[in-house]
Protein chains: 2
Amino acid sequence: MKATDSRNLHGHVIRELGKRIVIGDLRPGDILPREEALAESMDVSRTALREALKVLSAKGLIESRPRVGTRVRATHFWNQLDADVLSWRCASMPTDDFIEKLVEMREIIEPAAAAAAARRRTAAQLTQVDLAYRKMEAARDPDEWAAADLSFHDAVLQATGNELMISLFSVVESALGMFFVLSAKTAGDFSYSLPQHQKVLEAIRRKQPEVARKAMQSMIADSLANLHKKRKGSSKKAS
Amino acid sequence: MKATDSRNLHGHVIRELGKRIVIGDLRPGDILPREEALAESMDVSRTALREALKVLSAKGLIESRPRVGTRVRATHFWNQLDADVLSWRCASMPTDDFIEKLVEMREIIEPAAAAAAARRRTAAQLTQVDLAYRKMEAARDPDEWAAADLSFHDAVLQATGNELMISLFSVVESALGMFFVLSAKTAGDFSYSLPQHQKVLEAIRRKQPEVARKAMQSMIADSLANLHKKRKGSSKKAS
DNA sequence: CTCAGTACGTTTGTATGATAAATTTCGAGC
DNA sequence: GCTCGAAATTTATCATACAAACGTACTGAG
């Protein structure tokens with residue numbers, strides 16, 4: 001699911017430089033070495049390096065000008081919603097601060113998506129949500145449940161018919177996934193939230209936006225509380 | 001404020017190809033001409049063309065593989081939240097459908113942002129919101145008011161301290177701006193929403209998230225109703 | 001002495017041509 | 001008919017050269 005394909009050489013350069021910028025190894029205002037020198041130091045041709053620089057430039061991380069060089073741009077120019085930028089940040093940030101921002105985004109999107117899905121869903125889209133719910137019901141182990149859960153939320157998003165919302169969710173979700181998909185799988189009783197999913201499903205079936213919104217809201221709140229409880233427990237165990 | 005710099009040659013190629021893909025002139029699954037042929041047809045070198053292709057590839061619009069060629073990817077792979085992709089769509093879509101999706105995003109973000117701002121604002125951030133409000137109060141003409149209005153909403157977003165939300169809003173807002181910033185300026189009494197802005201400001205000052213959310217919600221609802229009224233009026237006049 | 005204009009050097013921008021790598025397709029051998 | 005390999009095509013990468021842009025510094029005039 002990675003955006004940059006690291007099979008390719010310039011993809012590797014993109015990641016390498018991108019990470020160094022996002023992590024803070026290269027800070028805003030800094031001027032990168034000349035293309036020739038930089039290319040040599042990374043063992044690629046200037047052509048390949050420039051292709052990478054153009055991509056980073058499109059992500060808003062850098063800016064190149066003749067004679068002056070390539071400089072790292074201020075963070076408010078960065079394409080924060082870019083899948084790569086997000087994943088690079090996730091790969092570096094040890095603080096919980098950034099995770100909370102991601103969670104906040106999820107808390108905003110999902111209830112709104114549930115409401116929109118309840119308002120505008122087609123019959124086919126409802127079928128997809130229903131199908132995902134039944135897979136959750138039928139899940140016998142955490143792996144199956146996690147996969148079905150993901151497809152449930154995905155089906156709800158699809159039912160909104162708003163590709164901007166879908167895109168936003170998928171970006172945030174994949175970034176968040178790096179953190180607590182695993183902890184979700186280690187839950188003792190993985191199906192505790194099944195009734196709440198059912199409430200969301202029924203509200204969407206009956207086209208009741210506000211009911212769907214509330215149900216999704218409480219579901220996320222519970223999920224977060226559960227996660228916090230677990231984290232507290234594990235940190236206790238670790239200390 | 002454009003993301004792609006059309007001063008450069010490859011920037012021009014990016015826009016040209018990007019638009020043709022987003023508009024639908026080149027459809028998902030289509031294979032582009034060979035790089036050599038494409039470069040010649042656009043009067044650029046293969047180097048410049050490839051730099052453009054890499055950027056479009058990073059935006060998820062295309063995918064290149066040896067021997068197979070460069071193909072347009074399915075729309076669900078597109079970086080829908082990319083500033084360029086969004087602006088290219090806005091430049092083409094004649095239907096109101098897409099605008100409604102943008103508005104929906106705005107309706108989701110802004111109340112949530114107001115609530116988050118009320119919860120976490122610093123004193124300095126409050127000062128900025130207050131400053132913007134006073135500029136709105138002092139505005140004497142629609143231009144001044146529009147500028148102050150924008151800085152008010154921007155200040156609220158900044159006060160959330162969540163750069164993901166800021167980035168999302170700025171992308172959506174700049175896309176929406178293409179449409180109804182103008183109609184907002186043609187409003188007869190441009191300051192009709194001042195009391196509602198004050199409510200938002202006061203709620204943020206007093207750190208009342210839910211009050212701020214409601215105030216922002218009703219403000220947007222009014223703004224939309226006003227816009228619809230105007231559009232209906234103008235379409236009546238046109239027919 | 002100050003300011004403006006111009007020439008120069010450095011760095012990115014663009015072009016060209018060549019070679020490598022990957023992958024599909026086709027053919028040969030079993 | 002099936003499998004494996006060779007060939008052809010297209011992208012991937014490289015090397016080199018020149019053009020354009022933009023600071024910088026120098027020079028000349030006021």
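Throughout, protein chains are lettered first and strands after them, A, B, ... in sequence-line order, and every chain is numbered starting at 1.
Note: CZ (B:Arg34) to P (D:dA12) measures 14 Å, nearest angstrom. With rounding to whole Å, A:Leu56 atom CG is found 14 Å from C:dT12 atom P. Atom CG of B:Leu9 is separated from atom C1' of D:dA19 by 12 Å (rounded to the nearest Å). The distance between atom CD1 of B:Ile14 and atom C1' of C:dG13, rounded to the nearest whole Å, is 13 Å.
For the residue pair A:Arg89 and A:Gln80, a side-chain donor N or O sits within less than 3.5 Å of a side-chain acceptor on the partner.
Listed by chain and residue number, A:Arg134, A:Arg205 satisfy the side-chain hydrogen bond (donor to acceptor under 3.5 Å, both in side chains) test with A:Asp130 (two or more places apart in sequence, or in another chain).
Side-chain contact between A:Arg34 and A:Glu40: absent, with no pair of heavy atoms (C-beta onward) separated by less than 4.5 Å.
Distances shown here put every side-chain N or O of A:His10 at or beyond 4.0 Å from the OP1 or OP2 atom of D:dA12.
A:Glu36 and A:Arg46 are not joined by a salt bridge, as no carboxylate oxygen comes within less than 4.0 angstrom of a charged side-chain nitrogen.
Heavy-atom distances under 4.0 Å link DNA chain C to A:Ser64, A:Arg65, A:Pro66, A:Arg67 of residues 60-67 of chain A, given in residue order. In the region residues 35-55 of chain B, proximity to DNA chain D at under 4.0 angstrom, judged on heavy atoms, holds for B:Glu35, B:Arg46, B:Arg50, B:Lys54.
Checking A:Trp78, A:Phe77, A:Trp88 one by one against A:Lys59, the side chain to side chain contact (heavy atoms under 4.5 Å, CB included) holds for a single residue, A:Trp88.
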